[in-house]
Amino acid sequence: MKKARAEVLILGNSAAAVGAIEGFRRVDRVTPITLVAKEPYQAYSRPLISHLLAREIGETRMYLRPSNFYMTNGVQTILGEKARSVDPVRRRVLTTAGPIEYGKLLIAVGGHPVIPPIKGLGRGLPAGVFTFTGWNDAVAIDRWLKSRPVRQAVVLGGGLIGIKAAEALQARLIKVHMVELADHVLPLALDNYAAGMAAERIRQAGVSLECGTTVERVHADPAGVTGVDLRSGKHIPCEMLVVAIGVKPATELVRNTRIKCDRAIVVDEHCETTLPGIYAAGDVSQATDLITGEKRAIPIFPRACMQGRTAGINMAGGLARADRSFAMNSVDVFGLSTVSVGLANACGNNLEVLEKAGPAGGSYRRIVIRDGMVVGALFAGKIDRAGIVTGLIRAKINVSAIKDMLINDELGLLSLPSEYRKHVVEGEGIEI
Amino acid sequence: MKRIFAREEYCLACRLCEIHCIVKHSKSKRVVSAMRDEKDTLVQSVRVEEQGRSSFAVQCRHCKDAPCIDACIAGAMARDPGGAVACNSDRCVGCWSCIMVCPAGAITKSATGKVASKCDLCADSAVPACVENCPNEALIYEEG
């Protein structure tokens with residue numbers, strides 16, 4: 001058998017991989033690219049699975065790019081095959097389709113959903129227990145709903161994925177119980193006040209919300225899940241459970257290699273790992289947080305696109321930098337729009353916090369300032385022009401003179417320092 | 001590509017740009033019908049900001065490395081062949097990531113509140129309506 005060899009090998013097929021292909025082709029139109037991914041689908045949008053399950057969109061809307069994307073970009077795809085391990089010494093990747101030698105490698109395999117150690121959840125989840133991060137999860141849940149009467153579902157986790165799972169199930173007319181260990185929903189993104197607004201919407205939608213507790217035991221019979229026990233002592237009978245407590249980077253691929261790995265794969269500002277010629281991007285990688293200065297994973301969609309593009313450009317011999325990353329999320333919670341950027345819910349002696357609630361508690365805005373610069377912003381109910389503040393964080397603009405305007409709903413470009421305003425108006429864009 | 005530029009020193013904050021943006025994107029294309037009967041179904045994509053004696057009109061800057069395209073989870077925000085950043089409302093799911101990242105604050109929710117709405121540079125016209133109808137040349141359309 002002829003040895004498989006790829007000049008450029010990409011592992012993974014989501015936002016970062018798509019960004020990498022486009023970035024690479026900006027610089028190099030010729031060198032063939034090979035892409036290996038474990039899922040059989042063309043690149044699709046993971047955040048859309050809740051919309052698919054809710055039947056708001058059909059399958060054709062799941063894809064990130066047109067169906068001729070790989071062909072027009074000279075990419076040979078090997079889909080439905082999993083990369084098992086990277087062997088940097090022999091410069092090859094072992095996959096379920098056999099070994100592939102590479103010239104340059106991009107690891108963009110994302111993360112795995114976390115399954116906590118809960119009694120009743122052993123190896124191999126009982127029937128009716130699901131995670132919710134990929135297309136297959138939405139398909140499996142849909143099949144489950146069609147195969148039996150499901151009246152009640154428990155969603156473990158009140159973060160972004162949990163809320164989106166709850167919305168989708170509620171749209172499918174299932175009574176949902178959401179269980180969140182922290183004392184409020186979206187604990188990483190919202191503060192107490194905004195979370196209170198979110199909780200009200202969640203309950204108004206008919207979802208019951210249990211905060212400050214978690215699932216301690218899952219009950220199942222051979223046909224599937226029958227209920228859960230909460231740490232609070234409460235028992236909830238249910239026909240399905242969605243585990244949505246978080247995602248961890250899929251770093252097992254580089255285990256036992258000299259590629260430096262923290263919680264995620266360590267990369268420099270060019271998205272190159274500690275081994276030359278091997279790059280990583282998206283949720284599997286970590287980068288320096290612009291605001292905290294710490295190296296950490298920031299598993300958000302826009303960063304995956306940007307990092308992927310950066311990696312692609314650099315792999316093709318161009319020069320691009322991916323710095324200035326920080327956390328940001330836009331989450332619609334049962335109709336309540338929320339935007340959370342940077343240290344949105346932080347408190348501390350070195351932080352100045354500006355807060356303003358709108359009439360009748362319908363909107364809320366919180367701005368966090370450190371050393372004269374915005375380091376966090378939270379918007380709930382009214383999110384108009386939130387991006388202006390995101391831009392100020394990213395560009396590290398001194399806002400001492402315009403603090404009053406920052407919590408004003410009418411904040412516009414005219415309030416901004418003129419030099420920065422000029423930069424924005426010229427359309428240089430911002431990296432995110 | 002050609003883009004719209006605002007000249008602060010000439011803007012009188014008359015807001016005709018806002019009105020003509022709505023009219024241009026209306027069904028009737030007529031000022032009175034659009035502003036009276038269709039207003040609830042349309043939002044303008046240009047916004048006049050005013051502070052003291054200063055004013056100017058802001059619309060999408062059609063940024064070079066547009067953050068809204070990176071942030072869009074639905075493949076709705078994309079660059080059209082002419083170079084403009086356009087939102088395909090048939091694909092938008094209203095996640096508002098674009099609003100979160102637009103440094104110009106130039107993307108809004110549509111009148112229905114379901115999808116994003118932004119300047120399309122009046123794709124079917126040689127000159128965008130806001131520029132064409134600015135009485136003071138405070139908006140100009142040129143290469144840059």
Side-chain angles (χ1 to χ4, degrees), chain A residues 15 19 43-48 50-51 56-57 61-66 300-306 309 328-332 335 337-341 377 379 383-392 394-395 405 410-415 420-421 423-432, chain B residues 1 3-8 11 13 43 47-79 83 85 88 90-109 113-114 116 144:
Chain A
Y44 69 91
S45 172
R46 292 177 185 279
L48 290 185
S50 67
H51 300 269
E56 285 166 32
I57 63 169
R61 278 177 66 182
M62 289 294 286
Y63 299 103
L64 287 171
R65 292 294 181 273
I300 56 171
F301 191 92
R303 194 189 73 121
C305 299
M306 186 265 284
R309 184 169 63 237
M328 59 176 85
N329 270 301
S330 167
V331 190
D332 235 52
S337 304
T338 70
V339 165
S340 159
V341 187
F379 304 81
I383 59 164
D384 303 352
R385 295 182 296 288
I388 292 179
V389 182
T390 307
L392 293 171
R394 190 259 167 195
M405 280 311 294
E410 287 308 308
L411 174 72
L413 295 185
L414 212 43
S415 316
Y420 175 68
R421 184 166 90 216
H423 169 80
V424 171
V425 168
E426 279 171 0
E428 293 300 319
I430 53 166
E431 284 169 21
I432 45 171
Chain B
M1 68 175 278
R3 296 193 300 153
I4 302 170
F5 293 95
R7 300 198 291 178
E8 223 170 297
C11 178
V43 287
R47 174 174 180 268
V48 174
E49 292 193 10
E50 238 183 309
Q51 199 175 300
R53 286 173 61 116
S54 309
S55 63
F56 76 126
V58 193
Q59 64 291 88
C60 169
R61 308 316 305 150
H62 301 276
C63 296
K64 207 169 56 183
D65 272 323
C68 56
I69 296 179
D70 272 354
C72 180
I73 62 169
M77 210 57 91
R79 207 168 286 279
V85 178
N88 178 351
D90 290 338
R91 291 195 71 103
C92 178
V93 294
C95 77
W96 317 128
S97 296
C98 51
I99 293 179
M100 171 174 72
V101 299
C102 174
I107 305 174
T108 57
K109 294 184 182 179
K114 302 273 188 216

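Lettering of chains follows the sequences in order, A, B, ..., and the numbering in each one begins at 1.
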Discussion item. Using heavy-atom distances under 4.5 Å, tell me whether B:Val58 contacts chain A through its side chain, its backbone, both, or neither.
Written reply: side chain
Practice prompt. Of all the heavy-atom pairs spanning A:Phe301 and B:Ala71, show the shortest one and how long it is.
Written response: CD2-O, 3.9 Å
Fill in: Lys/Arg-Asp/Glu bridge criterion (N-O < 4.0 Å) met for B:Lys114, A:Glu56
no
Item to complete: Look up atom CD in B:Glu49 and atom CG in A:Leu413, then write down how far apart they are to the nearest 0.5 Å.
Response: 5.0 Å
Worksheet item: Where the side chain of A:Arg385 meets the backbone of B:Thr108, is there a donor-acceptor pair that is under 3.5 Å apart?
Response: no
Practice prompt. Drop me the distance from B:Asp70's CG to A:Ile300's CD1, to the nearest 0.5 angstrom.
Written response: 10.5 Å
Worksheet entry | Proximity breakdown for B:Cys98 and chain A, heavy-atom pairs closer than 4.5 Å | neither
Worksheet, complete the sentence: Closest non-hydrogen contact found for A:Val425 with B:Arg61 is O-NE, 2.6 Å
Item to complete: Counting only heavy atoms closer than 4.5 Å, note whether A:Arg65 contacts chain B via side chain, backbone, both or neither.
Response: neither
Discussion item. Is B:Glu50 in contact with chain A via its backbone, its side chain, both, or neither, using a 4.5 Å heavy-atom distance?
Written reply: backbone
Response to the item:
Rounded to the nearest 0.5 angstrom, the CD1-OG distance for B:Ile73 and A:Ser330 is 8.5 Å
Response to the item:
Per-residue tally against chain A (heavy atom, under 4.5 Å) across B:Cys95, B:Ala78, B:Gly75 peaks at B:Cys95
Worksheet item: With a 4.5 angstrom heavy-atom cut-off, which part of A:Ile57 approaches chain B: side chain, backbone, both or neither?
Response: side chain
Worksheet item: Has the side chain of B:Arg91 got a donor or acceptor atom that lies under 3.5 Å from a matching backbone atom of A:Arg61?
Response: yes
Practice prompt. Please step through side chain to side chain contact (heavy atoms under 4.5 Å, CB included) for the pair B:Asp65 and A:Met306, ending with a clear verdict.
Written response: CA-CA 10 Å; B:Asp65 272 323; A:Met306 186 265 284; over 6 Å; no
Worksheet entry | Distance, nearest 0.5 Å, that separates CE of A:Met405 from CD of B:Gln51 | 5.5 Å
Item to complete: Name the option with the most non-hydrogen atom pairs under 4.5 Å to chain B; the candidates are A:Arg309, A:Glu410, A:Met62.
Response: A:Arg309
Discussion item. Measuring only between side-chain heavy atoms, which start at C-beta, is A:Ile383 closer than 4.5 Å to B:Lys109?
Written reply: yes
Discussion item. With chain B as the partner, which of A:Asp332, A:Val339, A:Leu64, A:Leu48 has the greatest number of non-hydrogen pairs under 4.5 Å?
Written reply: A:Leu48
Practice prompt. Please look at A:Arg46 and chain B and tell me whether the side chain, the backbone, both or neither of the residue comes under 4.5 angstrom of a heavy atom of that chain.
Written response: neither
